[in-house]
Amino acid sequence: MKSMTQDELKTLVGQAALQYVVPGEIVGVGTGSTVNKFIDALATIKHSIVGAVSSSTASTARLQALGIPVFDANEVGELAVYIDGADEIDGRGYMIKGGGAALTREKIVAAQSRQFVCIADESKLVQTLGAFALPVEVIPMATQRLMRQFAAMGGVASVRMKDGAPLVTDNGQHLLDVTGLCISEPLAFESQVNQWPGVVTVGVFAHQKAQVCLLGTASGVRVIAY
Ligand code: 5RP
């Protein structure tokens, strides 16, 4: 049998996530290429939901183009479920996120939701977080000091660039990508970095971890509950 491509695995888990969407409710929607597959699938059941709260301008544009109403997070209360991808997920449901630069709004919508359902292809499953460069959204005037703070813990931070200039997030801030970290205690690490002045959001999602991961594998969707 021909093995599935990474893109096909993303389609598979994007469609599988529909089972977690609660009819008559507003769904939290993440960002990224896997979530784009979910948004496309969500469009097929759009008449059964009220709409979505989105974690990025990119996801908002895709949702609206498909006729799915998008609500401001402040207009709605707690959401039943938040569906999003990850750059890495470990055996406890802790994740690294932010490869798509949307980590701050992703964490906000995740915090507003009762259940985080992570959708990912199997390449994202890791023993220990940190092989993927950790995204950290920062206030630009703190960049150099924060780079030194990461260096003191053995990391190498670089400013994410776009078209020759620092990438500007949806929130008007910059991003660091930090390599060389081995994040064996994600809860403690997230709490520690969150306290550094100038950090807007660290891309470790431990306090907002996944409760379920739908992992796309060669043999189908593997459901992991944490
Ligand atoms: C965006 C994210 C994404 O969920 C993460 O980067 C995974 O993206 P993809 O589904 O494209 O692999 O955190 O900020």
Side-chain angles (χ1 to χ4, degrees), residues 4-18 20 27-42 52-63 73 81-90 93-113 115-126 129-138 159-162 166-179 183 186 190 193 199-217 221:
M4 275 193 273
T5 64
Q6 193 179 29
D7 194 64
E8 287 167 337
L9 293 177
K10 289 178 180 186
T11 302
L12 197 66
V13 292
Q15 290 171 344
L18 289 184
Y20 290 83
V27 58
V29 176
T31 298
S33 57
T34 315
V35 165
N36 284 344
K37 307 289 193 183
F38 167 66
I39 294 173
D40 294 347
L42 190 63
V53 171
S54 165
S55 61
S56 63
T57 53
S59 288
T60 297
R62 196 177 188 96
L63 286 159
V81 66
Y82 176 65
I83 313 272
D84 199 358
D87 299 302
E88 288 184 344
I89 182 162
D90 75 7
Y94 299 142
M95 296 166 284
I96 284 183
K97 292 183 43 54
L103 63 165
T104 296
R105 295 187 188 192
E106 290 173 341
K107 209 174 260 194
I108 291 168
V109 187
Q112 196 169 337
S113 307
Q115 188 181 35
F116 189 137
V117 175
C118 176
I119 50 176
D121 66 85
E122 60 190 344
S123 70
K124 307 292 182 66
L125 187 64
V126 298
L129 302 178
F132 188 91
L134 175 70
V136 184
E137 185 162 354
V138 301
V159 177
R160 195 180 299 183
M161 305 293 284
K162 188 179 177 192
L167 177 144
V168 178
T169 67
D170 283 353
N171 313 304
Q173 309 303 336
H174 290 175
L175 274 182
L176 295 178
D177 289 302
V178 189
T179 58
I183 306 169
E190 184 183 14
V193 176
V199 168
V200 177
T201 302
V202 56
V204 169
F205 282 53
H207 292 95
Q208 269 73 47
K209 77 182 196 84
Q211 277 75 46
V212 176
C213 178
L214 303 180
L215 198 69
T217 75
V221 178

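Counting starts at 1 for both ligands and their atoms, in listed order. The structure presented is a predicted model; accordingly, all values stated were derived computationally and were not measured. Excluded from the calculations below are hydrogen atoms, water molecules and symmetry mates; all remaining heavy atoms, backbone and side chain alike, are included.
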Trainee: Using heavy-atom distances, let me know which of Lys10, Arg105, Lys97, Glu106 sits nearest atom 14 (O) of ligand 1.
Mentor: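 Ranked by closest heavy atom to atom 14 (O) of ligand 1, first place is Glu106.
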Trainee: Which of the atoms of ligand 1 are close to Asp84, meaning less than 4.0 Å from one of its heavy atoms?
Mentor: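 Matching atoms, with element in brackets: 4 (O).
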Trainee: Measure the distance from atom 5 (C) of ligand 1 to every protein heavy atom, then report the residue, atom name and distance (to 0.1 Å) of the closest one.
Mentor: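 Checked against all protein heavy atoms, atom 5 (C) of ligand 1 sits closest to Asp87 OD1, 3.2 Å.
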Trainee: Counting non-hydrogen protein atoms only, what is the nearest one to atom 10 (O) of ligand 1? Give residue, atom name and distance.
Mentor: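 Checked against all protein heavy atoms, atom 10 (O) of ligand 1 sits closest to Thr34 OG1, 2.6 Å.
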Trainee: If you count the atoms of ligand 1 from 1 in the order shown, which ones are under 4.0 Å from a heavy atom of Ala101?
Mentor: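 Within the 4.0 Å cut-off of Ala101, ligand 1 contributes 14 (O).
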Trainee: Here's a test for you: under side chain to side chain contact (heavy atoms under 4.5 Å, CB included), which of Val159, Thr169, Val138 qualifies with Leu175?
Mentor: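 Of Val159, Thr169, Val138, side chain to side chain contact (heavy atoms under 4.5 Å, CB included) with Leu175 is met by Thr169 alone.
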Trainee: Which residue from Ser33, Gly99, Gly14 reaches closest to atom 9 (P) of ligand 1 through any of its heavy atoms?
Mentor: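 Going through Ser33, Gly99, Gly14 one by one, Ser33 has the nearest heavy atom to atom 9 (P) of ligand 1.
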Trainee: So, the side chain of Ser113 versus the backbone of Phe116: is there a donor-acceptor pair under 3.5 Å, distance only?
Mentor: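 Side chain of Ser113 to backbone of Phe116, a donor-acceptor pair under 3.5 Å: no, none is there.
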Trainee: Polar contacts were defined as any N/O atom of the residue lying under 3.5 Å from an N/O atom of the ligand; does this apply to Gly98 and ligand 1?
Mentor: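 Yes, Gly98 has an N/O under 3.5 Å of an N/O on ligand 1.
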Trainee: Is the closest heavy atom of Gly30 to ligand 1 under 4.0 Å?
Mentor: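 Checking ligand 1 against Gly30, which is what was asked, there is no heavy-atom contact under 4.0 Å.
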Trainee: Who's the nearest protein heavy-atom neighbour of atom 3 (C) of ligand 1, and how far?
Mentor: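 Answer, as residue, atom name and distance: Thr31 O, 3.2 Å.
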Trainee: Among protein heavy atoms, which sits nearest to atom 12 (O) of ligand 1, and what does the distance come to when rounded to 0.1 Å?
Mentor: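 For atom 12 (O) of ligand 1, the nearest protein heavy atom comes out as Lys124 NZ, 2.7 Å.
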Trainee: Any donor-acceptor pair under 3.5 Å linking the side chain of Ser59 with the backbone of Ser55?
Mentor: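 Not a single qualifying donor-acceptor pair exists.
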Trainee: With atoms numbered from 1 as shown, which atoms in ligand 1 lie under 4.0 angstrom from a non-hydrogen atom of Ala86?
Mentor: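 By the 4.0 Å cutoff, the relevant atoms are 4 (O), 5 (C), 7 (C).
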Trainee: Would Gly32 count as being in polar contact with ligand 1, using the rule that some N or O on each side must be under 3.5 angstrom apart?
Mentor: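 N/O-N/O distance under 3.5 Å: no.
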Trainee: Is a side-chain donor or acceptor of Glu137 paired with a backbone partner of Ala101 at a separation under 3.5 angstrom?
Mentor: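 Not at all, since once roles are kept as given, no pair shorter than 3.5 Å links the two residues.
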Trainee: Where the side chain of Asp170 meets the backbone of Ala102, is there a donor-acceptor pair that is under 3.5 Å apart?
Mentor: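 Flag not set: sc Asp170 to bb Ala102 has no pair under 3.5 Å.
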Trainee: For the side chain to side chain contact (heavy atoms under 4.5 Å, CB included) test, which of Ile119, Val27, Leu214 pairs with Tyr20?
Mentor: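 One option only clears the test, and that one is Leu214.
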